[in-house]
Novice: 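Structure provided below as structure tokens; questions to follow.
Owing to the predicted nature of the structure, the values given are computational and were not obtained by experimental measurement.
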Amino acid sequence: MGELSKLPNIGKVVEEQLMLVGINDVEKLKEIGAKNAWLKIREIDESACINRLMALEGAIRGVKKTMLPDDVKDDLKEFYQLKKK
């Protein structure tokens, strides 16, 4: 396991998915953002759900996904509803 898996919410599977879509380090994840990273993962894994999106946002912020502010959670939920198939 590498650098990404040291972030909160990022385990081996999500780290592997991030690397598969070209996000190989923390800086790239922060640059691309949780929403775009999730969309890229969604292209290779249709089962990527709201929990993965929130996990990515939490990882970028350095917190567990359950600790995200309510307004951020609401924004991510709205984005997810618009983008899910």
Side-chain angles (χ1 to χ4, degrees):
M1 294 183 36
E3 174 186 357
L4 290 165
S5 64
K6 294 177 183 171
L7 296 172
N9 314 309
I10 305 297
K12 182 181 177 186
V13 172
V14 176
E15 180 181 52
E16 288 173 355
Q17 290 180 329
L18 286 168
M19 294 181 84
L20 279 172
V21 299
I23 302 169
N24 300 312
D25 57 43
V26 176
E27 292 75 30
K28 183 71 173 177
L29 177 58
K30 288 180 178 179
E31 177 186 314
I32 197 166
K35 292 175 181 177
N36 287 323
W38 180 82
L39 287 171
K40 288 179 174 286
I41 289 173
R42 183 79 176 188
E43 289 176 10
I44 63 166
D45 180 3
E46 289 184 6
S47 73
C49 64
I50 184 72
N51 292 320
R52 190 152 324 155
L53 175 58
M54 290 197 183
L56 291 166
E57 183 64 33
I60 289 170
R61 293 172 179 251
V63 299
K64 292 282 188 189
K65 65 184 177 187
T66 57
M67 301 303 294
L68 290 170
D70 287 340
D71 62 324
V72 172
K73 289 180 187 177
D74 291 343
D75 178 61
L76 293 173
K77 288 175 188 173
E78 184 178 325
F79 174 81
Y80 176 76
Q81 289 300 322
L82 290 171
K83 300 296 181 181
K84 75 175 184 173
K85 293 180 182 176

Novice: Under the rule for salt bridge (Lys or Arg N to Asp or Glu O under 4.0 Å), what residues qualify as partners of D74, not counting sequence neighbours?
Specialist: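 D74 satisfies salt bridge (Lys or Arg N to Asp or Glu O under 4.0 Å) with no other residue.
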Novice: To the nearest 0.5 Å, how far apart are CE in M67 and CZ in R61?
Specialist: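 Answer for the CE-CZ pair, M67 versus R61, is 12.5 Å.
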Novice: Verify, without hydrogens or angle tests, whether W38 (side chain) and G33 (backbone) share a donor-acceptor contact under 3.5 angstrom.
Specialist: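 It does not hold such a pair.
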Novice: Between K73 and E57, is there a side-chain heavy-atom distance shorter than 4.5 Å?
Specialist: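 Not in contact.
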Novice: Indicate yes or no: at least one non-hydrogen side-chain atom of K83 is less than 4.5 angstrom from one of L39.
Specialist: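 Answer yes - side chains close enough.
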Novice: Is there a donor-acceptor contact under 3.5 Å from the side chain of E3 to the main chain of D25?
Specialist: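 Not confirmed, E3 side chain does not pair with D25 backbone.
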Novice: Please round to the nearest 0.5 Å and tell me the distance separating atom CD1 of I23 and atom CG of L4.
Specialist: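 So the CD1 of I23 and the CG of L4 are separated by 8.5 Å.
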Novice: Out of curiosity, E27 CD to K30 NZ, how far, rounded to the nearest 0.5 Å?
Specialist: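 It comes to 7.0 Å.
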Novice: Residues in salt bridge (Lys or Arg N to Asp or Glu O under 4.0 Å) with D75, at least two apart?
Specialist: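 Checked D75 against salt bridge (Lys or Arg N to Asp or Glu O under 4.0 Å); matches are K35.
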Novice: CG of L56 to CD1 of I41: how many Å apart, nearest 0.5 Å?
Specialist: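 Rounded to the nearest 0.5 Å, the CG-CD1 separation comes to 5.0 Å.
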Novice: Holding to salt bridge (Lys or Arg N to Asp or Glu O under 4.0 Å), I want the full list of residues that pass it with E31, two or more places apart in sequence or in another chain.
Specialist: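 E31 satisfies salt bridge (Lys or Arg N to Asp or Glu O under 4.0 Å) with K28 once adjacent residues are dropped.
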Novice: For N24, what residues pass the side chain to side chain contact (heavy atoms under 4.5 Å, CB included) criterion, not counting sequence neighbours?
Specialist: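 If we apply the side chain to side chain contact (heavy atoms under 4.5 Å, CB included) test to N24, skipping adjacent residues, the hits are M19.
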Novice: Check side chain to side chain contact (heavy atoms under 4.5 Å, CB included) between A55 and all other residues, then give those that pass, not counting sequence neighbours.
Specialist: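 Once residues adjacent in sequence are excluded, the partners of A55 under the side chain to side chain contact (heavy atoms under 4.5 Å, CB included) criterion are N9, K65.
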Novice: Output all residues satisfying side chain to side chain contact (heavy atoms under 4.5 Å, CB included) with I50, sequence neighbours left out; order by chain, then residue number.
Specialist: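 Residues passing side chain to side chain contact (heavy atoms under 4.5 Å, CB included) with I50: L53, M54, K77, Y80.
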Novice: Could you give the distance from CG (L20) to CD1 (I44), rounded to the nearest 0.5 Å?
Specialist: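 The distance works out to 4.5 Å.
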Novice: For P8 and G62, work out which heavy atoms get closest and say how close.
Specialist: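 For P8 versus G62, the nearest heavy atoms are CG-C, 3.5 Å.
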Novice: Of the non-hydrogen atoms in A59 and L29, which two are nearest, and what is the gap between them?
Specialist: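 The answer is CB-CD2, 4.5 Å.
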Novice: How close do I32 and A37 get, heavy atom to heavy atom, and via which atoms?
Specialist: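 I32 and A37 have their closest heavy atoms at CG2-CB, 4.1 Å.
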Novice: Checking V13 now: which residues fulfil side chain to side chain contact (heavy atoms under 4.5 Å, CB included) with it, not counting sequence neighbours?
Specialist: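 Partners of V13 by the side chain to side chain contact (heavy atoms under 4.5 Å, CB included) criterion, ordered by chain and then number, come out as Q17.
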Novice: I'd like to check the side chain to side chain donor-acceptor pair (under 3.5 Å) partners of S47; sequence neighbours left out, ordered by chain and number.
Specialist: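 Applying side chain to side chain donor-acceptor pair (under 3.5 Å) to S47 gives D45.
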Novice: In Å, rounded to the nearest 0.5 Å, how long is the span from CG of L18 to CZ of R52?
Specialist: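 Rounded to the nearest 0.5 Å, the CG-CZ separation comes out at 9.5 Å.
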